[in-house]
Colleague: 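To start, I am sharing the structure in question, which I have written as structure tokens.
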There are 2 protein chains.
Amino acid sequence: MKDVVSNCPIEEVMRVLSGRWPTLLLYYLKDGTKRFSDLQRDNPTLSHRMLALELRKLEVAGIIRRTAYPGYPLRVDYDLTASGLKLVPLIDALGGWWEDRAGDHVDPAKAKIQKRLVDAA
Amino acid sequence: MKDVVSNCPIEEVMRVLSGRWPTLLLYYLKDGTKRFSDLQRDNPTLSHRMLALELRKLEVAGIIRRTAYPGYPLRVDYDLTASGLKLVPLIDALGGWWEDRAGDHVDPAKAKIQKRLVDAA
DNA sequence: CTGAATCCGTCTCGATACTG
DNA sequence: CAGTATCGAGACGGATTCAG
């Protein structure tokens, strides 16, 4: 009874992309196919367990594709699906927006907010 | 000691937009100025407390602007900043992507995943 | 190498009650 | 009406261990 199966696509997409890792994994996978261990190296602060969980989540969402090769040692490749590829520029746009955002002039309201932050600390 | 002040803009922007509410609040605010109680009505499942916290987070991020009017009963307006306005179409693009995503053809791998989902349910 | 399961600390979130 | 403080439950994330 956690969610109400929202009708809103924005709510649904954020359920998949929310969190620190999904967008980062997307970022690393846009270069092409990667193995599990490659992604581990790309994100040193991401635990083994979390990597597995997040990859699974993205796979279920149809954003990445998982390909397991039989043999030993085990080998699994991950790459973006067609759908995932289309998502990448949208995420990049968010990153671009964040960088531009700093260029906006600082108005009095913002200064006041920064003071509040100091108070809280 | 929770975060490492990432250099990556994608990671930073997701720190602000992650979660169920930030993008939804953006969605409701794109119609124009809203009061605290308006946003409460727009999101019945969002608790009073969380609304205050999320609004504060977005304010600190420079995405929304808070305007308090002295007097009684208290009245506070929220609206998007210039920066926040520019963010709206990017979020909408994500929503659009989610809706289109369903149109992609279903390959064997995906079918297998969907079976897994059924199992989990 | 990949990944699932367990254990356990931490932090987020929601309910409630209180202030201005 | 708007916002804050407190508290308990539950989700989340990391370390470790086991399996294929």
Side-chain angles (χ1 to χ4, degrees), chain A residues 1-4 11 14-22 24-25 28-29 33-60 64-79 109 112-113 116-117 119-121, chain B residues 1-4 6 11 14-22 24-25 28-29 33-60 64-79 109 112-113 116-117 119-120:
Chain A
M1 223 150 314
K2 179 192 305 177
D3 42 13
V4 211
E11 198 166 348
M14 287 313 290
R15 187 154 29 221
V16 175
L17 298 183
S18 269
R20 186 176 178 183
W21 307 117
L24 279 184
L25 291 179
Y28 285 115
L29 282 173
T33 299
K34 296 253 189 168
R35 300 186 49 179
F36 187 92
S37 48
D38 292 331
L39 293 168
Q40 262 190 309
R41 269 187 294 280
D42 288 336
N43 310 279
T45 61
L46 171 57
S47 72
H48 181 139
R49 174 177 175 271
M50 279 293 111
L51 178 55
L53 287 176
E54 298 290 340
L55 284 173
R56 180 72 180 271
K57 183 169 78 170
L58 292 175
E59 187 197 2
V60 169
I64 66 176
R65 180 181 53 173
R66 178 182 180 278
T67 312
Y69 297 94
Y72 224 82
L74 227 47
R75 174 195 174 122
V76 180
D77 282 353
Y78 291 93
D79 61 358
K112 177 178 148 216
I113 294 168
R116 280 205 213 139
L117 279 177
D119 290 342
Chain B
M1 221 154 310
K2 180 190 307 181
D3 43 12
V4 211
S6 78
E11 199 166 349
M14 288 313 290
R15 185 149 37 214
V16 175
L17 297 184
S18 271
R20 186 175 179 185
W21 307 118
L24 278 184
L25 291 179
Y28 286 116
L29 282 173
T33 300
K34 296 252 190 169
R35 300 185 50 177
F36 187 92
S37 47
D38 292 331
L39 293 169
Q40 260 190 311
R41 269 185 295 279
D42 289 337
N43 310 277
T45 62
L46 171 56
S47 71
H48 183 139
R49 174 177 174 269
M50 285 315 292
L51 178 56
L53 287 177
E54 298 290 342
L55 284 172
R56 181 71 180 272
K57 183 169 79 170
L58 292 175
E59 187 196 4
V60 169
I64 65 177
R65 180 181 51 173
R66 177 183 180 279
T67 313
Y69 298 93
Y72 224 81
L74 230 46
R75 174 195 175 123
V76 181
D77 283 352
Y78 291 93
D79 59 0
K112 178 177 147 216
I113 295 169
R116 282 204 211 139
L117 278 178
D119 290 342

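Convention: sequence-line order gives letters A, B, ...; per-chain numbering from 1.
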Colleague: What are the two closest heavy atoms between A/Ser18 and A/Lys57, and how far apart are they?
Modeller: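 Answer, listing the atom of A/Ser18 first, then A/Lys57: O-NZ, 3.6 Å.
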Colleague: Check whether any side-chain heavy atom of A/Leu51 lies under 4.5 Å from a side-chain heavy atom of A/Leu25, and answer yes or no.
Modeller: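 Of all side-chain heavy-atom pairs linking A/Leu25 with A/Leu51, at least one is under 4.5 Å.
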Colleague: Between B/Thr33 and B/Asp38, does the side-chain contact (heavy atoms from CB on, under 4.5 Å) criterion hold? Intermediate values first, please.
Modeller: CA-CA 10 Å; B/Thr33 300; B/Asp38 292 331; over 6 Å; no
Colleague: Atom CG of A/Leu46 to atom C1' of D/dG14: distance rounded to whole Å?
Modeller: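 So the two atoms are 11 Å apart, to the nearest Å.
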Colleague: Closer to the 5' end of DNA chain D via nearest nucleotide, is it B/Arg41 or A/Gly19?
Modeller: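 Taking each residue's closest nucleotide, the earlier one in sequence belongs to B/Arg41.
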Colleague: To the nearest 10°, let me know how far the axis at one end of the helix from C/dC1-D/dG20 to C/dG20-D/dC1 is tilted from the axis at the other, five pairs an end.
Modeller: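 For the helix from C/dC1-D/dG20 to C/dG20-D/dC1, the axes at opposite ends meet at about 40°.
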Colleague: Of all heavy-atom pairs between A/Arg35 and A/Leu74, which one has the smallest distance, and what is that distance?
Modeller: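 Of all heavy-atom pairs spanning A/Arg35 and A/Leu74, the closest is NH2-O, 3.6 Å.
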Colleague: Nearest whole angstrom, please: distance from the C1' of C/dT2 to the CD1 of A/Ile64.
Modeller: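 Checked: the CD1 to C1' distance equals 14 Å.
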Colleague: What pairs with B/Ala52 under side-chain contact (heavy atoms from CB on, under 4.5 Å), at least two apart in sequence or on another chain?
Modeller: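 Partners of B/Ala52 under the side-chain contact (heavy atoms from CB on, under 4.5 Å) test: B/Phe36.
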Colleague: Who are the side-chain contact (heavy atoms from CB on, under 4.5 Å) partners of A/Leu53, not counting sequence neighbours?
Modeller: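 Expected list: A/Arg49, A/Met50.
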Colleague: Separation of A/Leu58 atom CG from C/dG3 atom P, in whole Å?
Modeller: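 One finds 13 Å between P of C/dG3 and CG of A/Leu58, rounded.
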Colleague: Indicate for each nucleotide in nucleotides 2-9 of chain D, in 5' to 3' sequence, whether protein heavy atoms under 4.0 Å reach the base (B), only the sugar-phosphate (S), or nothing (-).
Modeller: BBBBB---
Colleague: Who passes side chain to side chain donor-acceptor pair (under 3.5 Å) against B/Tyr72, sequence neighbours left out?
Modeller: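 Side chain to side chain donor-acceptor pair (under 3.5 Å) list for B/Tyr72, sorted by chain: empty.
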Colleague: Using atom CE of A/Met50 as one end and atom P of C/dG3 as the other, report the distance to the nearest whole Å.
Modeller: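 For the pair A/Met50 CE and C/dG3 P, the rounded distance is 14 Å.
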Colleague: What is the distance from CG of B/Leu51 to P of C/dG14, rounded to the nearest Å?
Modeller: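 That distance rounds to 11 Å.
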Colleague: What residues, two or more places apart in sequence or in another chain, satisfy salt bridge (charged side-chain N to carboxylate O under 4.0 Å, His left out) together with B/Arg75?
Modeller: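 Counting only residues at least two positions away or on another chain, B/Arg75 forms a salt bridge (charged side-chain N to carboxylate O under 4.0 Å, His left out) with B/Asp77.
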